[in-house]
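The next block holds one structure in the form of structure tokens; read it before the comments.
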Amino acid sequence: MDWLTLMIFSPLIGILLLSVQSAERKTVSLTGILATVLPLLLSLVIYTQFHGGGNLGVSHGWISFGNGMFQVNYELGIDGFSLLLILLTTIVSTLSASVAAAQIKQGLKAYFLWFLILEIGMLGVFTAENLILFFIFFEITLVPMFFLIGRWGFVEREKAAYSFLIYNGLGSAILLILFAAIFAKTGTTNIEELKAIMASGEAVSEEFRYGSMLALLVAFGVKLPIVPLHTWMVRVHVHAPIAVVMIHAGILLKIGAYGLINFGLGIFGDQFAKVAPFIAILGLINLLYGAFLAFVQNELKSVFAYSSVSHMGIVLLGVAAMNEAGIQGAIFQTLSHGLIAALLFLLVGIIHQRTHTTKLSSLGGLAKGMPLAAGFLLAAGMASLGLPGMSGFVSEFMAFLGLFETMPWMAAIGTLGIIMTAVYMLRAVLGVTYGKTIKSFTGMYDLTRIEMIPAAALLALIVLIGVYPAIITHTLQLTLESIMPGIGG
Amino acid sequence: MDMETLLSYEWSMMAPEFTILIIATVLSLVDLFTDKKVDRKLFGWFGAAGIGIALIFLFSQIGHEPAMILANTYRLDAFSLSFKILLLIGALLVLLMGVSYEAKGELLYRGEFYYLLMSALLGAMMMASSADLITLFVGLELLSISSYILAGTRKKSTQSNEAAMKYVINGGISSAFTLFGLSYIYGLTGSTNLADISREISNIAPENGLVLLSIAFILTFVGLAFKISTVPFQMWAPDVYQGAPIPVTAFLSVVSKTAGFVIILRVLLSVFPFAQGLEANTSLLQSMMIFISVLAGITMIAGNTIALKQRNIKRLFAYSSIAHAGYLLVPFVAFSEMMFESMWFYLAAYLLMNIGAFAVIQVMSEHSHSEDISIFAGLFYRRPWVAVMMTIFLLSLAGIPGTAGFIGKLNIFIGALFSDPSRYILAAVMMGTTVISYFYYFGVMAQMFMRPSGSAAPIRMPVGVTIAMVFCAAGTITLGLFPGVVLEFFQTQFNFAEMFY
């Protein structure tokens, strides 16, 4: 059974149902949420299949250009890393859909139509086994995001939507040229075949490899984002609807990390090793610059946006370490930040719904009016700053462990970032939860039961990874074994 | 030429052309003798049926051995067949749009509209099939003169008159350029027959003919650039597209443009690959590619950046079609084995997405008597399916995956980077300007999905234009998801080596 195809395109059922349904709010939100549960269930099936040793790969002939000179196949497959990202995607999507059902006021049907298309794109990105297919799904996420931001966002939504579109459009433009060039030079886009070709070291010139590596760094650097390509991402975090930001910070940014690790490291490992110090410097800049800016923001969403920039720096540092611990740390950080960012923005959304503001100066003492929300926010903040026992700690620890082995100086400077993270996180979170109580909010109420579910689920996962990281390494091990030989480590 | 030779020709080769010719003649006569009150829309359906028959003839000819009749002036080969399919399908869709075109009191001469469309189509088909400079030019002029009149058929509209006038003058100048260039070729080789020319031209010693041939190349290309609306002859397009009735605009932007590419390929590829180039062991075509690639780059940049400023949807699409002409020159410049496939596929995709978009534009601008992009405001909430189809066309024009436009672009890229030398700069310009084009294509989509609609009056969806729209949407998606269907047909049925003598 072709589980992967089934899972990727399962949101289509929801799309079809929604497009024939009446626009009544209750049925629409129910269909919308259930439509995201289906891929969630299928991803769990795939998880068990993967661990049961089932063969999940799919390959069919699809397009042939130039009389069969260039053959593009429909090839899907997963490894440990992508499986974990798929699970992250399906989980966060379902939670995000439930948030959307509660918070999106108008045009819920159109919202869910775009949202489900977005989910198809995201699931496809992590399962595609060749570059062209990857690119196709990658681009498919672009269009729904534009509309989700532009139609349902906050004040400057359209500006944010265009900013998203153009930055990511340029990133994918670079990717497309690169993929077409690789295709034209090697005659294949299959990732495994490319790894073999690059390892044999004859087919393509050294310059071409460096060029490709740098192009990948820029293209995925837009997505990750790497400073100075981050401005669009902050704008999106601040102006997009909260449910979309959950997806964006939780999953879409991870495509950058996934691409960098899977293609940058996987295919061009040798070249990647040569520029590793440079990448480590970029990572440091991300980490420290993001943390510093997060400290001076006076708006909760901006704090968390820059915190994402800062945390993605750790991914770069872990990757730059080029050893098992470092890469494992980078992958852990990718997943852990996905969960933490989703939780943080979920809570920001709830706070905004009650108080109609996210300004730090007008928020304070929420622990009194909504103790549960405040508690969750505090917990998420702790996870974000790397409190032991939470997922953030494991990932940061491993990334730095790896980096200390290869570049101790960089790692030493990087640890400053951890301190700064604690400073800005505590400043923002403590101010909101405990600071001076502001009376003007009326009718404030705590988390409802329905809101509890996503928050509790996310926190549970964060703690689970924190105390029992083996749940991830267990799945990841196979992947690392396939990445490591590529970099001669 | 005596009767015997005339009868000995295999006239069935020209069956598609004869069908169109007969339809055009019959329509013009019937129009003359029938009462003014008779609904001329029937002509449209009659014409559509005629094109359908011509298409059947055309498909039955696929696989025909390359052959020439009429003293080697008419040629049937894979090249002409494959492009005539595009021309006929394009004209058929335009005709369906025309049947539904209802701009109030503007289109006074409906009968003329249909048979001039037929004669323009006949000209385009002759261009695809001719193997002689004279017939080529006659075909070109038949297409041009018919389109000049078509552009002016909104007799009471000043814009339409302006469009026709500008079109005639610019067209005349460009024809002069083309003819001047062709006269050099004739002067150097002593023949107007392309087969003879391609034989003769390799004998010309570089020291005698190189300069003249280079001039001939540049003049011919510049003159023909008018038809495909690329730099330096692109400035007529916005005014003419804006002034002409919408079906005519669609015709000019798709069928006429396809014919332009056909004639460029036919003339330049029959003559210049065989001439000695500026350096040893290169052909003149290769030496001149730098010239075309610069023009293609300027075209893409100019088309896409000026489009950003447009509020009038027809003008916006005029600049967009200039940009697409630039993209279409990329495979020609790359000149790889995949050139024909890339160009043909992109033209097919362009045909579907552009005519489809114009069909939606027609419905919307008739509805609100305006051509400002705000006519699309809130369309999704009023006519969701129309908005979805327009989104498909716009995404395809922007080259987003899942649509024909993406596969077309990908095909062009692979061809451009696979050829030797790789055309990285041109590919980068193409991709960069594509991202710029997101601004205006997504701007129209933003109107449909993010703005409140101005009026709630029901939007009328006439039959003809709806058929065209649905066909184009289905085609755009099919070519985007399963391009293999068409690509395989193309690769197995057409052997382009036949094109050379």
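Quantities reported herein were computed from a predicted structural model and do not represent experimental measurements. Chain identifiers are assigned alphabetically (A, B, ...) following the order of the sequence lines, protein sequences preceding nucleic acid strands; residue numbering begins at 1 within each chain.
Ranked by heavy-atom pairs under 4.5 Å with chain A, the list Leu417(B), Thr434(B), Leu481(B) is led by Leu417(B). Your options are Leu142(A), Val72(A), Leu165(A), and the one with the most heavy-atom pairs under 4.5 Å with chain B is Leu165(A). When each of Phe138(A), Trp62(A), Phe183(A) is scored by its heavy-atom pairs under 4.5 Å with chain B, the top score falls to Trp62(A).
Counting non-hydrogen atoms of neighbouring residues, nucleotides and ligands closer than 6.0 angstrom, the CD atom of Glu488(B) reaches no more than 12 such neighbours. When the shell of 6.0 Å around CD of Glu206(A) is examined, it contains more than 12 heavy atoms from other residues, nucleotides or ligands. No more than 12 heavy atoms of other residues, nucleotides or ligands shown are found within 6.0 angstrom of NZ on Lys309(B).
At least one donor-acceptor pair closer than 3.5 Å links the side chain of Trp152(A) to the backbone N or O of Gln106(A).
Contact of Leu176(A) with chain B is made through the side chain alone, with heavy-atom distances under 4.5 Å. Heavy-atom distances place the side chain of Tyr381(B), and not its backbone, under 4.5 Å from chain A. For chain A, the nearby parts of Met445(B) are the backbone and the side chain; heavy atoms of each come within less than 4.5 Å. Phe490(B) does not touch chain A: none of its heavy atoms, backbone or side chain, sits under 4.5 Å away. Heavy-atom distances place both the backbone and the side chain of Ala428(B) under 4.5 Å from chain A. Residue Met338(B) touches chain A through its side chain alone, counting heavy-atom pairs closer than 4.5 Å.
Electrostatic pairing of Arg451(B) and Glu158(A) counts as a salt bridge here, judged by a charged N lying under 4.0 Å from a carboxylate O.
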